[in-house]
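First listed ligand is number 1; within each ligand, the first listed atom is number 1.
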Amino acid sequence: MNKFLFLFVIVFCVTKTSSSYAEEPNETRRITAAVENQFPFMVSLQEISEIHNILNIRGHKCGGVLVTLQHALTAASCILQYSSSQQQLVPIDRDEYRVFAGSVSLTNDSSPDRVRRIANTTAHPEFNQNQHNIGVIILGSPFLHTTAASISIGDIGNPATFVQCTGMGWQLGPRLMYNTMAAINDTLCSRLTQSVPNTLCALPATGVGCVGEAGSPLVCQNHVIGVHISISACTSTSVGAQLYVCAFRYITWINTVIALPIPELGPEPSTAPPPTTTTTTTTTTTTPVPGAAFMFQPGMTLLAVMVVAQTMKASLIN
Ligand SMILES: *[C@@H]1O[C@H](CO)[C@@H](O)[C@H](O)[C@H]1NC(C)=O
Ligand SMILES: *[C@@H]1O[C@H](CO)[C@@H](O)[C@H](O)[C@H]1NC(C)=O
Ligand SMILES: *[C@@H]1O[C@H](CO)[C@@H](O)[C@H](O)[C@H]1NC(C)=O
Ligand SMILES: *[C@@H]1O[C@H](CO)[C@@H](O)[C@H](O)[C@H]1NC(C)=O
């Protein structure tokens, strides 16, 4: 109950002081820009044909997290695509994508050390919508330990109280952003969003600032706990409850995939067109304001406060 009050107070305080994200690296109350090497395990899955796109996010499609220097966990939905000819989901073409790591800035990719080709991708065989939405990207060669770092998988169980974690992602990029997240137990989670087996929920600890995209990690106690799968939250009544697959529940499967021999890569496929030939026909959408995705919509804070207050009231009654 104290914890509810705690969250409520934080939500309230931040509501009064912030309406946009801050740049200060030490500001943990809101969405914050990460500094170099802060999250060296973070990777970006990028669509090569979009690398020269004017949006300057290098074809960023999904986040991922290195569990070895050659294997990244991500969401299964990130590495599958619908094939209309086969009328089913099929693996993405490994030659059409690459993986970036080693800088908070997606545009800081001129060093070949920061980019890896994909040797294979493996989605969980029982993946179905949000269920078992986890997969592994196998890189053609490992990142150097001077460029990136892996992080081990951990478990926080079903927390009796809030567990402080960190969520991060590039979203609209090009800069990696993060926020403090409070992981919550299944009981509370099921009140705030739809529950899915083998997932956990986390709320922005401040009540504001959803961060991350499909595939990006939830890190608690220096371990990766979750892989982001549902980002519906900040614009609905769900108080920003983010849904993550519990990586630990899949540890046996993940270890099996990691132990498989890594396929040899053939010669480099022909590269994407140079920037000068890029047409702007695909960029008719509005140019994103940097950080727009993190900007908090007025009214949402109030909603968050109200829902948290309701939840608190319900818990007081119980
Ligand atoms: C946070 O950054 C501000 C300036 O940006 C600095 O004055 C302050 O000491 C920093 N706080 C911590 C805890 O590092
Ligand atoms: C790009 O990477 C270099 C080398 O790590 C780093 O010093 C620099 O700060 C980065 N630039 C940006 C804009 O992130
Ligand atoms: C790639 O992974 C799939 C499982 O998703 C596996 O069936 C296939 O054999 C792997 N390909 C190679 C070349 O290892
Ligand atoms: C779930 O978490 C809330 C908030 O910390 C706590 O009040 C509640 O007792 C927990 N419920 C269970 C079943 O652990």
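- For the residue pair Arg98 / Gln46, a side-chain donor-acceptor distance below 3.5 Å is found, with atom types taken as modelled.
- Side-chain contact of Arg94 with Asn120: a donor-acceptor pair under 3.5 Å is absent, judged by distance alone.
- Side-chain atoms of Ser83 do not come within 3.5 Å of backbone N or O of Gln88 as any donor-acceptor pair.
- In summary, the aromatic rings of Tyr244 and His228 are positioned with their centroids under 6.0 Å apart.
- Near Ala160, meaning under 4.0 Å from any of its heavy atoms, are these atoms of ligand 4: 1 (C), 2 (O), 3 (C), 5 (O), 6 (C), 8 (C), 10 (C), 14 (O).
- Heavy atoms of Ile184 come nearer than 4.0 angstrom to ligand 4 in no pair at all.
- Thr74 contributes atom OG1, which lies 6.5 Å from atom CG of Leu45 (distance to the nearest 0.5 angstrom).
- Listed by atom number, the atoms of ligand 4 under 4.0 Å from Thr161 heavy atoms are 5 (O).
- Sorted by chain then number, the residues whose non-hydrogen atoms approach ligand 2 to under 4.0 Å are Glu36, Ser103, Ser105, Asn108, Arg114.
- For ligand 3, the atoms sitting less than 4.0 Å from at least one non-hydrogen atom of Thr121 are 2 (O), 5 (O), numbered in the order shown with element in parentheses.
- Residues Trp253 and Val67 fall within the same hydrophobic cluster, defined by Ile, Leu, Val, Met, Phe, Trp and Tyr side chains chained together at heavy-atom separations under 4.5 Å.
- Between the side chain of Ser190 and the backbone N or O of Asp186, at least one donor-acceptor pair lies under 3.5 Å.
- Counting only N and O atoms by type, the side chains of Glu47 and His60 include no donor and acceptor under 3.5 Å apart.
- Side-chain N or O atoms of His124 include one that pairs as donor or acceptor with a backbone N or O of Glu126 at under 3.5 Å.
- Near Thr122, with a cut-off below 4.0 Å to any heavy atom, the atoms of ligand 3 are 2 (O), 4 (C), 5 (O).
- No N or O atom of Thr187 sits closer than 3.5 Å to an N or O atom of ligand 4.
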